[in-house]
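Each ligand, and each atom within it, is numbered from 1 in the order the structure gives. Since this is a predicted model, take the numbers as computed values, not measurements.
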Amino acid sequence: MASHAALVHYHEIGLKGHNKRTFERRLQENLAFALGWPDARRIRIVASRLVVPLEDEDPGAAIERLASVPGVAFVAEALVVSREPRAMEEAAVAAVSRAAADGARTFAIKARRSATDHPEPSVEIARRVGERVRRETGLGVDLTTPDVTCHIDVVHDQAFVYARKVQGPGGLPAGSAGRVVALLSAGIDSPVAAWRIIRRGAVVVGVHFSGRPHTDASSEEAVTEIGRVLERTGGLGRIYVVRFGDLQREISLAAPPDLRVLLYRRLMVRVAERIADEERAKALVTGESLGQVASQTLENIAAIDAVARRPVFRPLIGSDKQEIAAEARRIGTFEISTRPQTDCCTLFMPRTPETHARIEEVDAAESLLEVERMVSDAVSSMRWIDFASPVYRAPRAWPSSDDARSYR
Ligand code: ATP
Ligand code: MG
């Protein structure tokens, strides 16, 4: 009797030596989360694969969800059969026939044995099964450039037979690398930066600065929607929303116009640091790319980082705008980011922002501000949105149950 399963393969966690078990468990939990399963143990870990039974699922939808989980190299829709020769053949005939219905004219069989005492050598399995498939489907054998490759993996006392693979994002399972605070505008770049760091195993806590009360709520709404997209990875825990308009106004009244943007950014970083303290996050993340706009010159980046106490990661620093936009489309945030919205940074904007600020100059301008009080104002007035994640726990000081400040 054949049963259906999704076979989830990974590349990189295989390299982790004795940590492999921990990584596999993390991925197992995150896959279960993606399917909304309360019990991750239904997913078996079998010789460096994760086997997800699909009996109660719509296979197409389940595979699409599994294939968007960080850490997944690819997902195959497999028939699971006994290693009895006829059973393998029949499963292969079924898999190749399906591909033929989609237009395949030639096929190849690739067989592999792992962790098994199965006596028949792989080449023999491939030859025998290939012969039967050729007879029953009428398709031609092509071992170099086949339209469809049917894999037969014999593992322990079972055989997994599959011809269709869906590519995953690769990377590492969210939650395998600790926590970071990402500065999330609702623009194109920072959601991509956050996604990339999630793909490297980090858990992201976002912080968004809106121009309210001097703007409408459109950027807050957009960043919430972006959060819903990132939530699907399992690696987004929460987004803090800071109403920044009054603080920007205060800066604009006290500081030279050309330094305003840098002072906004430095205040953002200080607030993000305060959040990171509470969240026990170990780094900050931004969406800057070198030279893209005035605030992203080397001098200005240095002036911003001067007030950070943690490493500031910029996953997009060497990427071009087109590449970033293409990635945003793939992730699913592009359309949200390009909707009309009011961005806080255009508030009180000077005509000619400084492009090569000297740190001493910025320090001097900032010394006229009550920076500590401004950070406290921001932190005590912020609210947050919690997202479903198998790896995030809210900090004790700011629990999810705080109805006055958290909203879903
Ligand atoms: P993005 O597309 O991410 O908005 P950008 O090209 O508009 O970036 P900047 O406006 O210079 O570039 O912002 C640089 C980075 O600073 C952003 O990628 C983001 O990490 C952070 N940032 C800017 N504005 C905000 C904001 N309103 N809230 C949170 N973070 C912000
Ligand atoms: Mg922006």
Side-chain angles (χ1 to χ4, degrees), residues 180-197 204-212 214-224 226-227 230 238-248 251 260-276 283-301 303-305 307-308 312-329 331 333-350 353-355 357 378 382-385:
V180 298
V181 171
L183 282 82
L184 271 185
S185 73
I188 296 171
D189 303 331
S190 42
V192 175
W195 187 87
R196 283 204 189 172
I197 204 91
V204 161
V205 171
V207 52
H208 173 71
F209 299 86
S210 81
R212 287 177 93 184
H214 299 283
T215 62
D216 60 22
S218 55
S219 79
E220 296 183 6
E221 286 156 11
V223 86
T224 305
I226 285 166
L230 296 176
R238 170 178 276 194
I239 295 178
Y240 291 93
V241 177
V242 178
R243 297 204 172 154
F244 204 51
D246 284 335
L247 293 168
Q248 284 180 279
I251 292 172
R260 277 178 200 164
V261 177
L262 281 174
L263 293 173
Y264 300 162
R265 283 278 190 283
R266 298 229 305 196
L267 189 56
M268 287 182 186
V269 165
R270 289 178 200 275
V271 173
E273 284 281 1
R274 192 66 68 81
I275 293 171
L284 308 184
V285 178
T286 76
E288 282 143 326
S289 128
L290 189 60
Q292 196 190 82
V293 293
S295 59
Q296 301 179 12
T297 61
L298 284 178
E299 287 84 349
N300 289 357
I301 287 175
I304 295 167
D305 277 14
V307 300
V312 182
F313 295 141
R314 297 181 166 84
L316 308 180
I317 197 70
S319 300
D320 288 352
K321 194 75 191 186
Q322 282 90 333
E323 294 167 358
I324 300 169
E327 201 166 329
R329 283 203 178 84
I331 300 165
T333 54
F334 184 85
E335 183 271 322
I336 308 167
S337 295
T338 49
R339 248 181 251 161
Q341 47 172 292
T342 47
D343 181 63
C344 75
C345 291
T346 53
L347 267 189
F348 316 111
M349 257 295 261
E354 177 60 70
T355 49
M382 72 190 180
R383 303 180 62 179
W384 54 78
I385 307 147

Would you say the side chain of [Y] lies within less than 4.5 Å of the side chain of [X], judging by non-hydrogen atoms?
X    : Y    : result
H214 : D246 : yes
Q248 : T215 : no
V242 : V271 : yes

P191, any N or O under 3.5 Å of ligand 1 N or O:
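Looking only at distances, the answer is no, because the N/O contact criterion of under 3.5 Å is not met.
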Test your reading of the structure: does G287 have an N or O sitting under 3.5 Å from an N or O of ligand 1?
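Between G287 and ligand 1, an N or O pair is found under 3.5 Å apart.
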Listed pairs under 3.5 Å, donor-acceptor, residues 315-326 side chains, sequence neighbours left out:
| from | atom 1 | to | atom 2 | distance (Å) |
| --- | --- | --- | --- | --- |
| K321 | NZ | D189 | OD1 | 3.0 |
| K321 | NZ | D189 | OD2 | 3.1 |
| E323 | OE1 | D320 | N | 3.2 |

Test your reading of the model: is there a side-chain donor-acceptor pair from Q341 to the backbone of S218, 3.5 Å cut-off?
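No; zero donor-acceptor contacts below 3.5 Å.
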Ignoring hydrogens and angles, tell me if any N or O in the side chain of S219 forms a donor-acceptor pair with the backbone of A186 under 3.5 Å.
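Checking the backbone N and O of A186 against the side chain of S219, no donor-acceptor pair under 3.5 Å is found.
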Counting only heavy atoms, tell me which of [options] gets closest to [atom].
atom                    : options                : value
atom 30 (N) of ligand 1 : L183, L316, N300       : L183
atom 29 (C) of ligand 1 : V241, I239, L184, V285 : L184
atom 9 (P) of ligand 1  : E220, R265, E288       : R265
atom 3 (O) of ligand 1  : A272, S289, S190       : S190
atom 8 (O) of ligand 1  : D189, I188, V242       : D189

Output the list of atoms in ligand 1 that are nearer than 4.0 Å to some heavy atom of T286, sorted by atom number.
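Those qualifying, in numeric order: 20 (O).
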Under 4.0 Å from any heavy atom of V207, which atoms of ligand 1 are there?
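Counting from 1, the qualifying ligand atoms are 29 (C).
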With A357, which residues qualify under side chain to side chain contact (heavy atoms under 4.5 Å, CB included), at least two apart?
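A357: side chain to side chain contact (heavy atoms under 4.5 Å, CB included) contacts with L259, L262, N300, E354, V362.
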